[in-house]
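One structure is given below, encoded as structure tokens.
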Amino acid sequence: MKYNPALPSVADMAARARQRVPKFAMDYLEGGIGGEYCLRRNRTDLDAVQLWPRYLRDMARVDTSCALFGHSYDLGIGISPVGLGNMMWPNAEAHLARAAQQANIPYILSTMSTTRLEHIAELAPAVAWFQLYVPRERRVMLDLVKRVSASGFKALVVTVDLPAGAKRDRELKNGLILPFRITPRLILQALPRPVWTGLTLKYGMPRFVNLSDYGDAGDIKHLREFLTKFFAPGVTDEHLREIRKLWQGPLIIKGVQRAGEIETCHALGADGVIISNHAGRQLDAAPSSTSALRALPAFLHQKLTIMLDSGVRCGLDVVRAKALGAAAVFSGRSFMYAMAAAGQDGGRQVIEIFRDEITRTLQQVGCPEFQGMNASWLGPD
């Protein structure tokens with residue numbers, strides 16, 4: 001094992017993170033929408049996936065590599081976009097970018113990140129992808145895509161499952177105001193977490209720095225109005241056609257679940273999709289990503305690269321999703337738990353945990369290559 005055995009799993013890191021991070025930040029990371037039924041379905045449906053092992057073979061070595069869009073990554077797990085990442089742990093986004101670059105896994109930076117996209121591209125030049133929330137104003141969209149392209153990001157991930165802002169009860173109860181603002185209630189939650197508080201004071205309050213070029217980001221009153229008006233109330237075919245013309249690299253659509261919409265994405269020039277329900281944060285009645293992936297007809301996997309996120313917490317989940325047809329999977333919460341639990345070493349720690357668990361799972365089921373994992377290993381429903 002190449003990681004600290006005191007934190008041997010994502011679950012252990014999550015438990016430690018809750019001791020080190022204020023409640024309002026943890027609720028922002030962990031919470032879903034409504035009664036959080038979709039949040040729980042993501043886990044229960046993944047847990048229900050069984051794999052039938054094959055023995056009587058030499059499994060001393062396995063190949064965990066994963067090919068995506070002409071690049072060979074070392075693992076089939078990547079880092080999902082998480083807005084306000086530096087609220088979870090100061091400087092988390094930069095630490096994760098460095099760890100992803102070193103480990104050769106994809107890192108998707110959110111439009112709502114709190115580190116400038118140009119800096120992340122410098123830290124992770126071979127593995128950085130950018131997640132785009134489509135702006136309402138065309139000029140802003142054009143400039144964002146231009147910046148992403150000029151910075152050298154390897155893929156553009158357009159999120160389409162955010163036509164309206166979500167009402168998340170945990171955030172309302174905590175009085176969390178986005179963009180981030182200090183209130184007496186938040187101060188009372190932060191004081192018992194001195195390391196987080198000290199580092200936050202050192203690095204500064206998280207701000208939506210990638211949007212500050214398009215409005216008065218220094219004034220909270222104006223910024224709140226700015227953000228309300230910033231995003232398009234639904235991504236349309238016209239948006240995707242224009243983005244496809246602007247962006248020359250791999251184009252990935254995140255948030256689609258229905259086969260017909262995936263076909264439309266392919267027709268509009270997308271190279272891949274990420275099956276996702278926004279980690280259970282937008283629609284409580286949405287199907288789990290696992291069930292949506294299961295329902296896809298086989299021919300779609302021949303047309304474009306199909307990936308998955310929402311609910312992934314361990315290497316076994318990665319192999320499960322690959323058996324269901326996902327070329328790769330992504331997780332956001334797992335990596336933020338790691339940062340909050342172990343600070344700047346958290347990224348390396350969680351990546352090595354995933355590497356160990358993926359390797360051991362492949363060995364246990366008798367599959368010598370991650371790329372070779374398929375439906376023939378699935379157990380009964």
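Note on R258 versus E261: no salt bridge recorded, every NZ/NE/NH1/NH2 to OD/OE distance being 4.0 Å or above. Electrostatic pairing of R43 and D317 counts as a salt bridge here, judged by a charged N lying under 4.0 Å from a carboxylate O. A salt bridge does not link R333 with E30: every distance from a Lys NZ or Arg NE/NH1/NH2 to an Asp or Glu carboxylate oxygen is 4.0 Å or more. Taking the charged nitrogens against the carboxylate oxygens, D45 and R294 have no contact shorter than 4.0 Å, which rules out a salt bridge. A salt bridge is absent between D12 and R16: the closest approach of a Lys/Arg side-chain nitrogen to an acidic carboxylate oxygen does not fall below 4.0 angstrom. Salt bridge status for R41 with D47: absent, with no side-chain N to carboxylate O gap under 4.0 Å. Between E242 and K245 there is no salt bridge, since no side-chain nitrogen of the basic residue lies less than 4.0 Å from a carboxylate oxygen of the acidic one. Ion pairing between a basic and an acidic side chain is recognised when a charged N comes within 4.0 Å of a carboxylate O; R147 and D213 show such pairing.
A distance-only check finds a donor-acceptor pair linking the side chain of Q257 to the backbone of P287 [under 3.5 Å]. Remark: side-chain polar atoms of R168 are not paired, donor with acceptor, to backbone N or O of Y28 under 3.5 angstrom. Under the 3.5 Å distance criterion, the side-chain polar atoms of Q131 are left unmatched by any main-chain donor or acceptor of V157. With hydrogens and angles ignored, the 3.5 Å screen pairs a side-chain donor or acceptor of W196 with a backbone N or O of M87. With hydrogens and angles disregarded, a donor-acceptor distance shorter than 3.5 Å links the side chain of R40 to the backbone of G35. In this structure, the side chain of R281 does not engage the main chain of I33 through any donor-acceptor pair within 3.5 Å. Not one N or O on the side chain of D74 forms a donor-acceptor pair closer than 3.5 Å with the backbone of R355. Not one N or O on the side chain of S212 forms a donor-acceptor pair closer than 3.5 Å with the backbone of F208. For Q349 (side chain) and A342 (main-chain N/O), no donor-acceptor pair under 3.5 Å exists by modelled atom type. A donor-acceptor pair under 3.5 Å is absent between the side-chain atoms of R54 and the main chain of C367, judged by distance alone.
Here CG of D143 is found 11.0 Å from CE of M141. Values are rounded to the nearest 0.5 Å. The structure places NE2 of H239 at 10.0 Å from CG of L132, a figure rounded to the nearest 0.5 Å. The structure places CG of L29 at 11.0 Å from CG of L84, a figure rounded to the nearest 0.5 Å. Atom CZ of R193 sits about 14.5 Å away from atom CG of L199, to the nearest 0.5 Å. I252 CD1 to I274 CD1: the interatomic distance, rounded to the nearest 0.5 Å, is 5.5 Å. With values rounded to the nearest 0.5 angstrom, H301 atom NE2 is found 11.5 Å from N374 atom CG.
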### Message
Checking V140 against F230 for the side chain to side chain contact (heavy atoms under 4.5 Å, CB included) test, could you report, in this order, the C-alpha distance in whole Å, the side-chain angles of both residues, the deciding distance, and whether it holds?
### Response
CA-CA 9 Å; V140 177; F230 186 81; 3.6 Å; yes

### Task
Determine, stepwise, if the pair F335 / V10 fulfils side chain to side chain contact (heavy atoms under 4.5 Å, CB included).
CA-CA 8 Å; F335 290 89; V10 170; over 6 Å; no

### Task
Before giving the answer on side chain to side chain contact (heavy atoms under 4.5 Å, CB included), spell out for L296 and I275 the whole-Å C-alpha distance, their side-chain angles and the decisive distance to 0.1 Å.
CA-CA 10 Å; L296 294 184; I275 305 296; 4.0 Å; yes

### Message
As a quick check of understanding, evaluate side chain to side chain contact (heavy atoms under 4.5 Å, CB included) for N91 and Q344, giving each step before the final call.
### Response
CA-CA 8 Å; N91 219 24; Q344 68 182 38; over 6 Å; no

### Message
Using the rule given for side-chain hydrogen bond (donor to acceptor under 3.5 Å, both in side chains), can you reason through N42 versus S288, listing the C-alpha separation, both sets of side-chain angles and the distance that settles it, and then say yes or no?
### Response
CA-CA 5 Å; N42 282 331; S288 69; 4.9 Å; no

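Within 6.0 Å of atom CD in Q102, 12 or fewer heavy atoms from other residues, nucleotides or ligands are found, so the atom counts as exposed in its surroundings. For R360, the CZ atom counts as loosely surrounded, since its 6.0 Å shell holds 12 or fewer non-hydrogen atoms of other residues, nucleotides or ligands. R57 CZ: more than 12 foreign heavy atoms inside a 6.0 Å radius.
Closest heavy-atom contact between A326 and L308: CB-CB, 4.1 Å. Among all heavy-atom pairs drawn from Q189 and P22, the shortest one is O-CB, 3.7 Å. The two residues W89 and V21 come nearest to each other via the heavy atoms CE3-CG2, 4.1 Å. Shown here for N210 and Y214, the closest heavy-atom pair between the two residues is O-CE1, 3.4 Å. Between E357 and T361, the closest heavy-atom pair is O-OG1, 2.7 Å. A286 and N277 make their closest contact through CB-CB, 4.1 Å (heavy atoms, listed as atom of the first residue, atom of the second, distance).
Looking at K254 and V160, their side chains never come closer than 4.5 Å, going by heavy atoms from C-beta outward. Taking 4.5 Å as the limit, some side-chain heavy atom of M112 sits within range of a side-chain heavy atom of Y133. In this structure, V365 and W52 have side chains that are not in contact, with every pair of non-hydrogen atoms separated by 4.5 Å or more. Here the side chains of L123 and Y107 are not in contact, with every heavy-atom distance at 4.5 Å or above. Here the side chains of P163 and P233 are not in contact, with every heavy-atom distance at 4.5 Å or above. Contact of the K154 side chain with the P250 side chain is not registered, since no non-hydrogen atoms from C-beta on lie closer than 4.5 Å. Using a 4.5 Å heavy-atom cutoff, the side chains of M88 and Y337 are not in contact. Counting heavy atoms from C-beta outward, M26 and K23 have side chains that stay 4.5 Å or more apart.
Linking ILVMFWY side-chain heavy atoms closer than 4.5 Å, directly or via other members, places L378 and V312 in a single hydrophobic cluster. Under a hydrophobic-cluster definition in which Ile, Leu, Val, Met, Phe, Trp and Tyr are linked whenever side-chain heavy atoms come within less than 4.5 Å, directly or via other members, I243 and L304 are assigned to the same cluster. Connection of L251 to F330 is not established within any shared hydrophobic cluster, with ILVMFWY side chains joined at heavy-atom distances below 4.5 Å, either directly or through further cluster members. V329 and I105 fall within a single hydrophobic cluster, where Ile, Leu, Val, Met, Phe, Trp and Tyr are joined by side-chain heavy atoms under 4.5 Å apart, directly or via other members. Under the 4.5 Å side-chain heavy-atom criterion for ILVMFWY residues, no single connected hydrophobic cluster contains both M307 and V49.
A donor atom on one side chain and an acceptor atom on the other are not found under 3.5 Å apart for E93 and S113. Side chains of N86 and T115: a donor-acceptor N/O pair is present below 3.5 angstrom, by distance only. With no hydrogens or angles considered, a side-chain donor-acceptor pair links Y3 and D356 at under 3.5 Å.
Residues in residues 363-373 take part in these side chain to side chain donor-acceptor pair (under 3.5 Å) pairs, two or more places apart or across chains: Y55-Q364.
Both cation-pi conditions hold for K322 and F370: the charged atom is under 6.0 angstrom from the six-membered ring centre and inside a 45 degree cone around its axis.
Applying the ring pair (Phe, Tyr, Trp, His ring centres under 6.0 Å) rule to F153 yields the partners F130; only residues at least two apart in sequence or on another chain are considered.
In summary, the aromatic rings of H71 and Y73 are positioned with their centroids under 6.0 Å apart.
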